[in-house]
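Scroll down for the structure; my scribbles are underneath it.
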Amino acid sequence: MLSLRGITKSYNKGQIKAVDNVNLEIKSGEIFGFLGPNGAGKTTTIKMIVGLLKPDEGEIVLDGVNVWDNSLMAKSMISYVPDNPEIYDRLNGIEYLNFIADMYGISKEERKEKIEYYTSLFNIKDSLGDIISSYSHGMKQKLVLTSALLNEMNLFILDEPMVGLDPKSSFNLKEIMRKMCDEGKTVFFSTHVLEVAEKLCDRIAIINNGKIIAHGRIDQLRDDAKEKQSLEKIFLELTDNE
Amino acid sequence: MNKLISLIKTDLNITFGLSSIIYGLKAKKQRWQIVVFGIAMLSLLPTYIVIVNVLFDFYDVFKEIGQESYFLLMGFLASQLIIFFFGLMYVMSKYYFSNDLNQLLPLPIKPSHILTSKFISLMVSEYFTSLPIFLPFVIIYGIKESAKILYWIYAIVAFITLPILPLVLASIIIMILMKYTNIKGKRDFVRTITAVLLLVAIVYVQLLIQKISQQAILEGEDFYYNIARDANLLARNLGLVFPPSIWGTFALTNFDELSGLTNLIMFVGIGLAGFILMSFLSEKLFFDGLIGNIEVTASKGKGKKKDLDELYIENKAYISIAKKELKMLFKTPIYLLNTVGGVVLVPIILVMSLSIGDPSMEPFNEIIYSNTDIVTLVLIGVVAFFGIMNSVGSTTFSREGKNLWIQRTLPIKAKDQIYGRVLASVVIQLTGIITLLVSMFFIIKLNFFSLALIIVIGLLSGIVLTQFGMIIDILRPMLNWSSPQVAIKQNLNVLIGMGVALLYGGGIFLLVRFMFNSIDIWIIYLLVSAILTISMVILFNVLKTLIDKQFRELE
């Protein structure tokens, strides 16, 4: 279970609150969608969970481990896919995957099995010997996804994962996310694509100007709305009023 | 014209990070960086003052034999040659490897405009390199000769135009190199090797010219007569290494005569003419070298299919980090030139200048054989110097750039970070040691104990200096760079690292010198090793704390 307890992050000496007292509880085995307009605080929140930005206040706890007090342990429980796949573009694909696997301490047999499975699934297996700078944006995204999936994580956290993926890979990724939930892992991802959130997520939260303005199951949110609306309408209404 | 001005403005802004500096100044947190910069500069000051003092004495020596123009020539030569050599590397990375090229190429801009904007940024950065070299010569000469105002005006004009010609030459050479080494496959490797060979060849030719002109002066029986009769004898002959520097010199020495003005016009004129030639050539050469450079060959699955089984290699975390560091260093030409290039080139050039410069090595050899300990100590110093000069430590985190998120989100222990990154630096240092010992082999034969001492103590000090570099780099990593060149060439951490290394190494040097005649040499070796080992352990612990802290707190 992932708990965000009162996390706050501000820039410019507290003038701009990028994330303002966010509280969320995400259960194990749940796919959680994190929605919001550009600049709402999605990426900042995600970066605080994965250890890239230190919260000014509040704490983040994953399965009883405080992410910031016990960061090494927490990191071995988290796999992160950022929105922009900036990776070592002078390495080739397999070198990058081996590097990541070494950092997670994954055995040769295990990495072989997983790399072969996921790179075949994402159709990049034949490019593993190529230098990463020759990859397209989507291929880099798939390589980062593969590297994240090498680890036996408790929390899979993705920032805008569908951007740049072809429809088939996008479908496969959704399947993977679903399967991980069945195994009791937590999936947390941010997205702009409301249909994806609508179809895939057990629960969602909408963030705007750093504050959570709505969260819950999608049918719950629909019930709360004036009339039974699509998620898009709910989203537009909520974020417009702010 | 507007396009060109806008290009120049943007390029200057990117190169010197003006917008980010202004942004940084607004955030109080980064203001202390200015303090760090100040301290770094101050740490280099004592060495600089010593050098300037030596220059004053130099002037007096040349004045005594009536060849003071040679003194000024040294200033011109030193700054122009340094600009040229650094220029070769700068030009390569700036013209061909910066990230903004992907954005500039599709725009309707002439190649010569892109080149001009980049050329001007380079010129501005070269002012910072050449000013501390050029200024003392011009000021010492001006003061000692109590020069009039016109001298100072000429000096300013000469300073402003100083970098043009060396940079033009570097640009043309690199453009030709890039065009004709645009070979698919091992392009980067071929280019780096060619660049290194080119550098060695240029240094060789210059040393040869110097030797020939030296001999020409000395050979005539009327040497003393000639030197007394012609006040510009040395300047005219030894300036042949780079003739325009002679014009610059004569412009200043004859500032109160017409010949001063004509020499100045020639000095400025050749620079401008070169620049025009370069712009003209760039229309024909620039894109040819560049376009293949951006395209990367991908097999698209059709390439050789190795047995993937061989590819799954399991390593300990620190070995994997070291391997990754080395792969990135070897596959990025600009890193390769600055790290391996430096430690390989320096010994070769050193040995070359020793063997060409002096026609007879006999007296030199005698000194060496009678003072094995001094030679061993000096070589240990040279090897230690590789440890900081390779810049692997002082840019290790900066080189990660935007990729640092990868290691920050992975469960990597700080000690693995240190082992891995130090190991990479040691490997680069080893390539320097091998080149040094192999090239020294042609001059002197060292015994086994000396070799062992050089390698062991040299590497030990290299580790300590790498750790110093890493401490500096983790405290202020430069992560927002647009071209790998920025991470290593415009990274102040390299300079701060050298300052710290100079202070630390200087301390050990003084200690050794103090003990040298009174204590047994083996005790000195032991003591130095002990100091290095203790430093290594202390720095390791400092580094561990700092990496943990910075990996959490960087934003």
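In what follows, chains are A, B, ... by sequence order, proteins preceding strands, each numbered from 1. Treat the numbers as computed from the prediction; the structure is a model and nothing was measured.
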> Which bit of Leu554(B) comes within less than 4.5 Å of chain A, counting heavy atoms only: side chain, backbone, both or neither?
Replying inline: backbone
> Among Lys327(B), Arg552(B), Met328(B), who wins on heavy-atom pairs under 4.5 Å with chain A?
Replying inline: Arg552(B)
>> Ignoring hydrogens and geometry beyond distance, is a side-chain donor-acceptor pair present between Ser398(B) and Asn491(B) at under 3.5 Å?
In response: yes
> Would you say the side chain of Leu200(A) lies within less than 4.5 Å of the side chain of Val187(A), judging by non-hydrogen atoms?
Replying inline: no
> Heavy-atom distance under 4.5 Å to chain B: side chain of Tyr96(A), backbone, both or neither?
Replying inline: side chain
>> Under a 4.0 Å threshold between the charged nitrogen and the carboxylate oxygen, would Glu400(B) count as salt-bridged to Arg421(B)?
In response: yes
>> Could you check whether any side-chain heavy atom of Met180(A) comes within less than 4.5 Å of a side-chain heavy atom of Met153(A), counting everything from C-beta outward?
In response: yes
> Where on Ser79(A) is there a heavy atom nearer than 4.5 Å to chain B: the side chain, the backbone, both, or neither?
Replying inline: neither
>> Quick check: Tyr96(B) with Phe286(B) (ring centres under 6.0 Å apart)?
In response: yes
>> Tell me which of these, Ser147(A), Ala74(A), Ala101(A), Pro82(A), has more heavy-atom pairs under 4.5 Å with chain B than the rest.
In response: Pro82(A)
> Do you see a donor-acceptor pair shorter than 3.5 Å between the side chains of Thr8(A) and Asn21(A)?
Replying inline: no
>> Contact between Lys331(B) and Glu95(A) at the side-chain level, heavy atoms closer than 4.5 Å - yes or no?
In response: yes
> Is it the backbone or the side chain of Ile106(A) that comes under 4.5 Å from a heavy atom of chain B, or both, or neither?
Replying inline: backbone
> So what's closer than 4.5 Å to chain A heavy atoms on Ile406(B): side chain, backbone, both or neither?
Replying inline: side chain
> Any side-chain heavy-atom pair from Tyr95(B) and Val91(B) closer than 4.5 angstrom?
Replying inline: yes
>> Quick check on the structure: residues of residues 60-68 of chain A within a heavy-atom distance below 4.5 Å of chain B, by number.
In response: Trp68(A)
>> So if I take each residue of residues 22-53 of chain A and look for any heavy atom under 4.5 Å from a heavy atom in chain B, which residues do I end up with?
In response: Val50(A), Gly51(A), Leu52(A), Leu53(A)
> Using 4.0 Å as the upper bound for N to carboxylate O, is an ion pair formed by Lys402(B) and Asp89(A)?
Replying inline: no
>> Measuring from atom CD1 of Ile157(A) to atom OH of Tyr80(A), what distance do you get when rounded to the nearest 0.5 angstrom?
In response: 8.0 Å
> Taking the side chain as C-beta and beyond, is there a heavy-atom pair between Lys9(A) and Asp56(A) under 4.5 Å?
Replying inline: yes
>> Out of Lys54(A), Arg111(A), Met73(A), return the one with the most heavy atom pairs under 4.5 angstrom to chain B.
In response: Arg111(A)
> Between Ile418(B) and Lys544(B), what is the shortest heavy-atom contact and its length?
Replying inline: CD1-N, 3.7 Å
> Lys413(B) versus chain A, heavy atoms under 4.5 Å apart: side chain, backbone, both or neither?
Replying inline: both
> What part of Phe551(B) lies closer than 4.5 angstrom to a heavy atom of chain A: side chain, backbone, both or neither?
Replying inline: backbone
> For the residue pair Pro161(A) and Leu173(A), what are the closest heavy atoms and their distance?
Replying inline: CB-CD2, 3.7 Å
> Taking side chain as C-beta onward, heavy atoms only, is Met470(B) less than 4.5 Å from Gln417(B)?
Replying inline: no
